[in-house]
Visitor: 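Shown below is the structure under consideration.
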Amino acid sequence: MKKDMIVAVCLAIVIVIMSYIATLGGGLGPLFNGVRPLTIIYLNTTLNIHNPNFTAMSPEAVTAIVWDYRGLDTLFETAVFYLAIIGSVAIYRGIDEKLRISEGFGLSKIVKVVTKLLIPMNIAIATSIALHGHLTPGGGFQAGAAMAVIPMLLIIAFSRYFLLDIRLSRGLALALRSVGLLGIALTVFIPVVIGLVNGLNAYIMQNQAKVNAPVSLPAFVGSSLISGSLIMYNVSEFLAVTFGFTLLFILLSIEEGLVKEQMRGEGVEH
Amino acid sequence: MELTYLLLAISMLFALVATYLAIVEKSLVKAVVYSALQSVSFTLALYLLKAPDIVLVYLPITVGVYPAAILFLIRKTEEVEEV
């Protein structure tokens, strides 16, 4: 134990010295406090109504970069995440769940009441992160991850049978996740459809008009800024991530004995 | 500026201690809690480094989703690490 403490203290000292050299000590040259050239490009184009051919119409540069400047990257990242979930769905295929009444399961009454108080706050925060994703830090994935904490709290505090009591089954989670993915897929093709109908040139995942493709999704509804496709991507991703994680938790919390029993039964048949 | 660096150093030191405890802890449930504490101090560091987008995704994933997944895993195996 004493030896461990010496190693830990030495590591801490090394880290402090290294970070001092790298920052205040000037080991990486003088500290740069100005605005970098790349930042200037993004700041000039992310919300600029005077330059309509080069703007994403969103004051939140990170969301603009994620879903507009490099939209296809994010599309494939989303695809990777959902392939992982499809894999776990495939592993648990054909496992029937026993229906039980959730009463008598779960943690104590104090924990259940506190969980009930936390859930409305969590829904409010997650929804506001999703709907303000194009205005303030956050976005679809962040909001979905915040919302996914709710089914996890429900499973731990109330037991997994409670989710079945409120009719949040595997099928419903899979269906709502697919609605979210469909929303993303449709938003990708909206500009192309508008272009075909009006006989204009347009690209997939296009948000605002470009020089050779004058198709723009509406940046304002009334006087409020919705940044064209960004709000649609954020809301769809929010739905897809929330129910993707929910599905994962429902699958993870299936009783192991039940799964083994049914898999063994399957083996005898063949 | 100096205060930011000071807070950054403190949070990263706290993270180092939490990581160390998570590695040496034999009870896996306690190790998950230490790992979540380490994530909390990383969250503070990310906020100080002006990355609020990452903070918003890092906090629910590393304090909520990841410990939950690991706890499910621990329930299906052994609770105490044997050397």
Side-chain angles (χ1 to χ4, degrees), chain A residues 1 4-5 7-9 11-20 22-24 31 33 60-63 65-66 88 122 125-126 129-130 133 136-153 155-156 160 241-242 245-246 248-249 251-257 259-260, chain B residues 1-26 29 32-34 36 38-39 41-43 45-78:
Chain A
M1 195 63 207
D4 288 345
M5 286 308 292
V7 172
V9 169
L11 262 176
I13 291 170
V14 168
I15 287 177
V16 169
I17 292 172
M18 291 289 277
S19 42
Y20 180 79
T23 55
L24 296 178
L31 283 176
N33 288 323
E60 158 65 351
V62 176
T63 304
I65 290 167
V66 164
S88 51
N122 204 331
I125 291 169
I129 295 175
T136 52
F141 192 87
Q142 285 88 334
M147 194 76 155
V149 174
I150 294 175
M152 196 200 71
L153 282 176
I155 286 173
I156 290 171
R160 70 180 308 277
V241 170
T242 303
F245 273 125
T246 306
L248 217 58
F249 289 133
L251 291 176
L252 273 175
S253 63
I254 289 179
E255 290 163 73
E256 206 184 355
V259 178
K260 279 186 177 163
Chain B
M1 197 74 183
E2 270 73 20
L3 185 69
T4 311
Y5 283 126
L6 191 67
L7 284 172
L8 203 57
I10 291 170
S11 67
M12 292 315 276
L13 271 179
F14 187 73
L16 181 81
V17 173
T19 314
Y20 175 76
L21 289 173
I23 292 169
V24 287
E25 181 60 53
K26 291 281 181 259
V29 179
V32 170
V33 175
Y34 286 132
Q38 174 245 323
S39 305
S41 54
F42 269 22
T43 312
L46 285 169
Y47 182 76
L48 292 169
L49 291 169
K50 292 173 188 168
D53 292 83
I54 310 295
V55 170
L56 279 174
V57 74
Y58 197 82
L59 199 61
I61 291 287
T62 56
V63 181
V65 177
Y66 152 78
I70 301 288
L71 286 175
F72 277 127
L73 204 69
I74 290 171
R75 204 181 61 175
K76 290 178 194 228
T77 55
E78 321 166 318

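Each chain gets a letter, A, B and so on, in the order the sequences are listed, and its residues count up from 1. Since the structure is predicted, the reported quantities are computational estimates derived from the model, not experimental observations.
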Visitor: Does B:K76 have more than 12 heavy atoms from other residues, nucleotides or ligands lying within 6.0 Å of its NZ?
Guide: yes
Visitor: Among all residues two or more places apart in sequence or in another chain, which pass the side chain to side chain contact (heavy atoms under 4.5 Å, CB included) test with B:A36?
Guide: B:P67
Visitor: Any idea which of B:P60, B:A69, B:A68 has the most non-hydrogen atom pairs under 4.5 angstrom with chain A?
Guide: B:P60
Visitor: Let me know if A:I15 has heavy atoms under 4.5 Å from chain B in its side chain, its backbone, both or neither.
Guide: side chain
Visitor: Has A:Q142 got a side-chain atom pairing as donor or acceptor with B:D53's backbone, closer than 3.5 angstrom?
Guide: yes
Visitor: Tell me whether the rings of B:F72 and A:F249 are parallel (<30°), tilted (30 to 60°) or perpendicular (>60°).
Guide: tilted
Visitor: Taking side chain as everything from C-beta outward and backbone as N, CA, C, O, which of these in A:I129 sits under 4.5 Å from a heavy atom of chain B? Side chain, backbone, both or neither.
Guide: side chain
Visitor: Would you tabulate the side-chain donor-acceptor contacts of residues 8-23 of chain B under 3.5 Å, counting partners in other chains and residues two or more places apart, or write 'none'?
Guide:
unit_1, atom_1, unit_2, atom_2, d
B:S11, OG, B:L7, O, 3.3
B:S11, OG, B:L8, O, 2.9
B:T19, OG1, B:A15, O, 2.5
B:Y20, OH, A:D4, OD2, 3.4

Visitor: By a 4.5 Å heavy-atom criterion (distance strictly below it), what part of A:T136 contacts chain B: side chain, backbone, both, or neither?
Guide: neither
Visitor: Do you know which of A:V149, A:V62, A:I155 has the most heavy-atom pairs with chain B at a distance under 4.5 angstrom?
Guide: A:V62
Visitor: In terms of heavy-atom proximity below 4.5 Å to chain B, should A:I125 be classed as side chain, backbone, both, or neither?
Guide: neither
